[in-house]
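Position 1 is the first residue of the sequence; numbering continues from there.
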Amino acid sequence: MSQSPSQSRLEPHEQAGGIGGALSILHVVACIAAAAWLMTRVAPAGESLIQSVRLAMGWYVFWCAAFAAIAFGVRQPLIALLAFVALSEGTPRYFSSYQVMMKIGLLNWAAALTFTAWVCHLFRSRRRPESISPLAWVMFILIGWLIICIFVMRLRGFAWLPHPNHHPERFGHALVVFILASQLLRSETGAWWFSLVLCVTLCVRWAVTGNVGPTATYGGGDGDISALAVLAMPFALLGAQLTRPFAGKLAFIAFLVALIVLLGITRNRNGAVAFVILLPAMWIVARHKLRTLLVAAPVLAVIFVIFFNSPYWSRFTGLFAGSSDANSANQRLLIWQSGLRMTMANPLFGVGTGNFHNVVAKYTPRQDELHQIGPRRMVASLDDDGYAAHNSVIHMAGDAGFPGALLYIVLFVGATILAGVIVHQHGRHWPAPAARAAFAGLCVYMAIGIFISRHDMAMGYLLAGWVIGLARKRKPAIADTPLVDSPSARHNRNGV
């Protein structure tokens, strides 16, 4: 019996759904197998991780839970993206656990499986990804250029010893979250869940690690958390705005207060600079600038009075008092100068992605002074000639030449401007609230990169991808249905 034309037209969709189901099963199996295999590699990868049964089991449970969430991503890819955010930002960067994660490739597997979860979901739901915007092409060209620089560096005979905390594979993680954020975080529900997961992750990380003081980065603590705390502040406010119940708003305000207290405990200079940048950034995109100023001024006055009468301020005055803080500033100036000399000597392709630390010592004008910087005090697990740039643009220029640095600047400056345009166009309506938070977050991210190398920080690329997604105007799709309704989304849908 012959089929009708309408039945024939349905066949490709049915085939796509069947393929999606098969891929989903394979994805779940791959998540289980990858988690099991990676867990067997933890002990030989780093004995320092197994400091106590409690600590070891905690990381096992956390990592396995993240992979379980990624496996469920075939039904709700937003869950997989949020699980990867919690996994990458919930593990302290300077802890042995993070070094083990990088050594066994756990984040690589998590990123790859997060991406395949989204692809499987597309097949299951018989949908296509959204079109690519011009700014997204800048990201893709940047990734391609970084790959080319590696090949050119190898052809030129440079030894390739990637920085343990700045390995090129981190750009793969950045690409995954960039793509998925542009596709999955456009709804109020997605923004609410992201804000909640980010705030909870940082607060739990703080509670688990404990030591986040000014010597934490190189003394076994978690000094790197200060920059993330400032970056998360606008999203605590976004979560409070998107939550209808008063108790929910109070919870997000409590997160905001906790993040401010966390910043104060760290006494991190870079975090303080980022906080100072955050304030005008949030005011620029505020709906009611005068009202915002009147409400925020007393709170900020109290914060700054406490700041100027606390040991935090002494970390800045120490820059001019010949203390260790002054030595740290001089070391950064010397490394910046060396990085610029290295870039001028290799202007087109740099010295290869991830290779900055391995080559920069050869370009210092004062070799003896550079070697006096204790390298293990500056960056963990490096040889005597290994140093990070401590500046995102200089690090990118040294790794990938002036073209790589230019693409990096265009991507993030362009994303920040685009966020401002979205705010101007939509005013009080969605997606303006998310664009305000992303604008402030991107300003903080670029401020963070002034004094530390975060050119490969996945969170920055997630925000850039999110802004690109917010710029698209479209009708709500199946992928935007909430995992669990946020109070704000339920209120808007019911028209209350």
Backbone N/O of [Y] and side chain of [X]: donor-acceptor pair under 3.5 Å:
| X | Y | value |
| --- | --- | --- |
| Asn391 | Ile450 | yes |
| His288 | Leu290 | no |
| Arg205 | Glu89 | yes |
| Ser182 | Ile179 | yes |
| Tyr461 | Met139 | no |
| Arg436 | Val423 | no |

How long is the span from the [atom1] atom in [X] to the [atom2] atom in [Y], to the nearest 0.5 Å?
| X | Y | atom1 | atom2 | result |
| --- | --- | --- | --- | --- |
| His27 | Leu113 | NE2 | CG | 5.5 Å |
| Asn268 | Ile452 | CG | CD1 | 7.0 Å |
| Leu256 | Leu237 | CG | CG | 5.0 Å |
| Leu238 | Leu196 | CG | CG | 11.5 Å |
| Trp118 | Gln183 | CH2 | CD | 4.5 Å |

Beyond-backbone contact of [X] with [Y], side-chain heavy atoms, under 4.5 angstrom:
| X | Y | result |
| --- | --- | --- |
| Leu81 | Leu185 | yes |
| Phe235 | Phe252 | no |
| Leu278 | Cys443 | no |
| Phe84 | Leu180 | no |
| His455 | His166 | yes |
| Val444 | Ile277 | no |

What residues form a side chain to side chain contact (heavy atoms under 4.5 Å, CB included) with Ala232, not counting sequence neighbours?
-> Leu198, Leu202, Leu259

Closest heavy-atom pair, Asn108 versus His173, reported as atoms and distance to 0.1 Å, is OD1-NE2, 2.7 Å

Taking every non-hydrogen atom, the tightest pair across Val261 and Trp206 = CG1-CH2, 4.0 Å

Indicate, with yes or no, if the rings of Trp466 and Phe194 have centres closer together than 6.0 Å.
-> yes

Thr243-Trp192 side chain donor-acceptor pair, cut-off 3.5 Å = yes

Decide whether Ser453 and His395 meet the rule of one side-chain donor and one side-chain acceptor closer than 3.5 Å.
-> yes

